[in-house]
Amino acid sequence: MTLAICPGSFDPVTFGHLDIFERASTLFDNIIVVVAHNTMKNALFTPEQRVRFIRDEVEHLSNVTVESVDGLLVDYARKINARAIVKGLRSAVDLDAEYPMALMNREISNIETVFVLGNPAKGHISSSLVKDVARYGGDVTSFVPAAVARALKEVMA
């Protein structure tokens, strides 16, 4: 059985993220979506809320589970015997950011990073932009699941 993790802050989860989870689920026997705590970001939603949003959207994928993790991602990956870290790429800018992290993770853990190219139709969607649109009262329903759109509207009110 091949196990991979698909990490991110997912604050909030977008249709772009969900596309990556779905496609990764066809590449590996099991996927764990890991809601990571990024100390460089001020999260809008709690880890528990983010896990719930994602679980609700991936429940149709029998080989995908969702967890929240503190600490080094590679420590968690080693602990659960993950074979790979799956990351979605929207553009070369994402690759520039992810490349050194992938090399560092491989060097300290011997775990490979697998890059999955995002759907070009969703390439403009990012959690940061979704939050900006929501902050100004814009409609985000074409970027995030309905429950996330409602939660954004409540938080931004």
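These numbers were taken from a predicted model, which means no experiment stands behind them. All heavy atoms count here, side chains included; hydrogens, waters and symmetry mates do not.
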Nearest 0.5 angstrom please: [X] [atom1] to [Y] [atom2], how far?
X	Y	atom1	atom2	answer
L73	R78	CG	CZ	10.5 Å
F45	S9	CZ	OG	12.0 Å
L117	D19	CG	CG	10.5 Å
K122	H17	NZ	NE2	12.5 Å
I32	T65	CD1	OG1	4.5 Å
T14	I20	OG1	CD1	9.0 Å

Exercise. Hey, quick one: are V34 and V114 part of the same hydrophobic cluster, counting side-chain heavy atoms closer than 4.5 Å, chains of contacts allowed?
Worked result: no

Exercise. Would you call D94 and K87 a salt bridge, using N to O less than 4.0 angstrom?
Worked result: no

Problem set entry | Salt-bridge contact D75-K79 (side-chain N to carboxylate O under 4.0 Å) | no

Tell me the closest heavy-atom pair linking [X] and [Y], and the distance in Å.
X	Y	value
F15	S142	CD1-O, 3.4 Å
R135	D132	NH1-OD1, 2.8 Å
P12	K131	CD-CG, 3.9 Å
H37	V69	CD2-O, 2.9 Å
M1	N30	CE-ND2, 3.7 Å
A147	F53	O-CE2, 4.0 Å

For this session: Count the heavy atoms of every other residue, nucleotide or ligand shown that sit under 6.0 Å from CZ of R23, and state whether that count exceeds 12.
Result: yes

Exercise. Taking atom CG of N110 as the centre, does the number of heavy atoms from other residues, nucleotides or ligands within less than 6.0 Å exceed 12?
Worked result: no

Do any N or O atoms from the side chain of [X] and from the backbone of [Y] form a donor-acceptor pair under 3.5 angstrom?
X	Y	answer
S127	F10	no
R106	T113	no
N63	F28	yes
D11	L44	yes

Any non-hydrogen side-chain atom of [X] less than 4.5 Å from a side-chain atom of [Y]?
X	Y	value
D56	P145	no
V58	I54	yes
I5	I80	yes

Exercise. With F21, which of V13, I31, V86 fulfils side-chain contact (heavy atoms from CB on, under 4.5 Å)?
Worked result: V13

